[in-house]
Amino acid sequence: MKNTKPPLLLFIFISVSLEALWVSVTGDNVGAYRPTDDIAVDCGSNSSSPVGGRNWIGDAADRSDYSPIEKTHSSTAAEASSSSPSISGAVPYLTARLSRSEFAYTFHVTAGPKFVRLHFFPLDYLNFSRVDSFFSVEAAGYTLLRNFSASLFSDKTSSPSFHKEFCLSVGEDQILNITFSPTPGNSDAYAFVNGIEVVSMPESLYYNTVVDSEGVKLAGQQTPFTFRTTDALEAVKRLNVGGQFVSPARDTGMYRTWEADDEYVTSSDIGVLPVNTTIQLNYGEQVPNYTAPDPVYTTARTMGMDKRINLSYKLTWSVEVDTNFYYLVRLHFCEFQIEINKPLDRVFRIFINSQLVEGHADVIEWSGKGVPVYRDFAVALYDSQKKRTNLSVALGARPDGYTLYSDAILNGLEIFKISNPDESLAGLNPDPVPNKRQPPPGPPQSSKAPSSLSKAVKIAIVAGGTSGFTILSLLAFFLYRRRNRANDSIKYWVVPDHHVSVVSDES
Ligand SMILES: *[C@@H]1O[C@H](CO)[C@@H](O)[C@H](O)[C@H]1NC(C)=O
Ligand SMILES: *[C@@H]1O[C@H](CO)[C@@H](O)[C@H](O)[C@H]1NC(C)=O
Ligand SMILES: *[C@@H]1O[C@H](CO)[C@@H](O)[C@H](O)[C@H]1NC(C)=O
Ligand SMILES: *[C@@H]1O[C@H](CO)[C@@H](O)[C@H](O)[C@H]1NC(C)=O
Ligand SMILES: *[C@@H]1O[C@H](CO)[C@@H](O)[C@H](O)[C@H]1NC(C)=O
Ligand SMILES: *[C@@H]1O[C@H](CO)[C@@H](O)[C@H](O)[C@H]1NC(C)=O
Ligand SMILES: *[C@@H]1O[C@H](CO)[C@@H](O)[C@H](O)[C@H]1NC(C)=O
Ligand SMILES: *[C@@H]1O[C@H](CO)[C@@H](O)[C@H](O)[C@H]1NC(C)=O
């Protein structure tokens, strides 16, 4: 930080990664679904911010449609303090609504299933200490979070800012109330939120398994699992297997985030990553074009080059989840490799937590070449001894005689927690992570920033220390250049050590 080299390197890195994203994250079905309700609230902000192709509406303006409802007008709107060492993200993470008493938001929406996303950036805000957030969130009759500590979750997952995504059904009264309440019996406890999204989803997207009266295969059980249209879900993980991060703006219109799968592959052999950028995907009636973005289906992970190796291991993904819930596991498939054309070309087995759930997975037989398809499974993860456990999905190759290629393929993976009989999705807080104390805040930098700068640019200064101004100039220049080239918006994630990742949200 004592010389000017880091900012220059930083700048080059930004250009390179943005250019890479520009070419690789493409898809024809961006925005294939138009949600009837598409609400984004920037909590604690008194203005509206267009970000990622949508308008984040502040809840703090005098006559906002989304002002919180409170018995005592005691909640506070606050800005994320820019002296925080690991500030990250942009809107809606720059401001927050905080209170030591209950507050609620009311949304007038159509009946039917909705995504509800709650965004959090745990920090010290005014006199609300980062470590004191302990609160519950209820909506549509369900407990989404209980005694939730945003700082413990953030430390455990190493994500300075994060969101929690839920699927809820709004009834015929067409009202969705979301209530935040600090944990009682703890006078320091407060509730807060940085952003709220309410977005409609197609009736048949995740709840279609209900219509299917047979239910879904439950790992380790003979009886299938059925859930109700009124059950609530929490999206625990959504992976673009073998591919790259897909930003909310690149989703099919529902602003879902698809992560790369690399860090969740836990088999000794991590397989190979085929890709076909030229194939024309054919969505059918069973799997409509909004199901997942095209890049999910045109990238995959398969087993490797050698049959002895293919048969010697199972290609495995593991995701840590809360115990004592049922989970819905959706596996996305699409065959696009030149060698795989007929039924029996690539037949494999699927295991969930070591239980065989599918002995004859043949994607060509299920759908055909270039036709996306998915399969849903359920698994019960009950354990009275542990708070968390690993949910694993494993693919196993079959020997000669069963199949032409001893191999297996997966294109996408979604994992949902299903609400329990107490109508709750709440798990327990993770234990504190040792040595995860925040480093002492550096000297405040915000006074150096001209006040007219956009919030996103302000963030960049923080990581820069003494070289903050150089970074700032470069970023400002860069922003200006990009804005001119394409009318887009760019999000910066700035973490200590000058590692900057840039996600471009062009649409
Ligand atoms: C998605 O499918 C619908 C219905 O078949 C069609 O009207 C629409 O144009 C498709 N959208 C895209 C982006 O392919
Ligand atoms: C709106 O935000 C600005 C800048 O943060 C602040 O100066 C102003 O007091 C706010 N107005 C209201 C009504 O909160
Ligand atoms: C500090 O918190 C109390 C409530 O605990 C609140 O009444 C007060 O206004 C807060 N002070 C500031 C400066 O935000
Ligand atoms: C939602 O909140 C409003 C205002 O507090 C209340 O009048 C209404 O009954 C609530 N509706 C539901 C469905 O909870
Ligand atoms: C992609 O799919 C098309 C159509 O099936 C095929 O012609 C082409 O060879 C495939 N490309 C690769 C790299 O597999
Ligand atoms: C889940 O698996 C990972 C990697 O194998 C391991 O580090 C972690 O401790 C496991 N978590 C639990 C709760 O067993
Ligand atoms: C093993 O998997 C690789 C990678 O998908 C595939 O190309 C190969 O044909 C498979 N090996 C055999 C012998 O089937
Ligand atoms: C809330 O969570 C904290 C940390 O996990 C725990 O110490 C505390 O006992 C919990 N409080 C309640 C009321 O559950």
Side-chain angles (χ1 to χ4, degrees), residues 26-35 65-73 75 101-111 114 116 122 129-156 168-191 196 198 202-205 230 232 249-254 279-298 322 370-372 386-388 422-424 426-433 436 507:
T26 55
D28 288 341
N29 66 344
V30 173
Y33 174 75
R34 290 282 179 85
D65 288 346
Y66 302 110
S67 300
I69 296 159
E70 324 172 54
K71 289 193 196 82
T72 53
H73 280 274
S75 79
S101 28
E102 182 180 303
F103 60 98
Y105 291 84
T106 295
F107 298 93
H108 296 273
V109 292
T110 55
K114 310 287 163 208
V116 171
S129 166
R130 179 178 188 270
V131 295
D132 286 339
S133 79
F134 284 104
F135 58 98
S136 299
V137 179
E138 299 195 0
Y142 285 86
T143 302
L144 309 183
L145 300 170
R146 186 185 301 122
N147 187 36
F148 177 67
S149 162
S151 62
L152 289 175
F153 184 89
S154 160
D155 293 348
K156 170 74 183 177
L168 297 173
S169 224
V170 172
E172 292 304 326
D173 59 1
Q174 307 196 337
I175 288 179
L176 175 64
N177 284 347
I178 305 179
T179 308
F180 296 79
S181 348
T183 297
N186 172 353
S187 58
D188 290 329
Y190 66 93
I196 302 176
V198 178
E203 299 265 352
S204 61
L205 180 62
T230 52
R250 288 267 148 205
D251 188 38
T252 57
M254 293 168 256
I279 194 162
Q280 187 66 46
L281 297 174
N282 285 310
Y283 291 91
E285 269 177 31
Q286 289 299 311
V287 178
N289 59 7
Y290 51 68
T291 306
D294 286 353
V296 169
Y297 294 116
T298 56
D322 291 331
V371 183
K386 291 194 291 182
K387 292 198 241 189
R388 313 263 294 163
D422 297 336
E423 316 220 306
S424 174
L428 296 169
N429 287 320
D431 294 330
V433 178
K436 210 45 192 258
S507 24

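Remember, it's 1-based here, ligands and their atoms both numbered in the order they're listed. Residue numbers run from 1 in the order of the sequence given. Owing to the predicted nature of the structure, the values given are computational and were not obtained by experimental measurement. Every heavy atom of this structure was used, including side-chain atoms; hydrogens, water molecules and symmetry mates were not.
The closest side-chain heavy-atom distance from Thr252 to Asn289 is not below 4.5 Å. Side-chain atoms of Leu168 and Leu144, non-hydrogen and from C-beta on, do get closer than 4.5 Å to each other.
In this comparison of Asn177, Leu176, Asp173, Val170, the heavy atom closest to atom 1 (C) of ligand 4 sits on Asn177. Of the candidates Asn289, Asp294, Leu281, Asn289 brings a heavy atom nearest to atom 8 (C) of ligand 1.
For ligand 1 and Asp28, the ligand atoms under 4.0 Å from any heavy atom of the residue are 13 (C). Set against the non-hydrogen atoms of Asn147, the atoms of ligand 8 under 4.0 Å away are 1 (C), 2 (O), 3 (C), 8 (C), 10 (C), 11 (N), 12 (C), 14 (O).
If you check the side chains of Ser169 and Tyr142, you find no donor sitting under 3.5 Å from an acceptor.
Taking the six-membered ring for Trp and the full ring otherwise, Tyr66 and Phe107 have centroids separated by under 6.0 Å.
Distances from atom 14 (O) of ligand 8 to the protein include at least one heavy-atom value under 4.0 Å. Taking a distance limit of 4.0 Å, we find that atom 5 (O) of ligand 8 is approached by some protein heavy atom.
Heavy atoms of other residues, nucleotides or ligands lying less than 6.0 angstrom from CZ of Arg146 number 12 at most.
Taking any N or O of Thr183, backbone or side chain, none lies under 3.5 Å from an N or O belonging to ligand 8.
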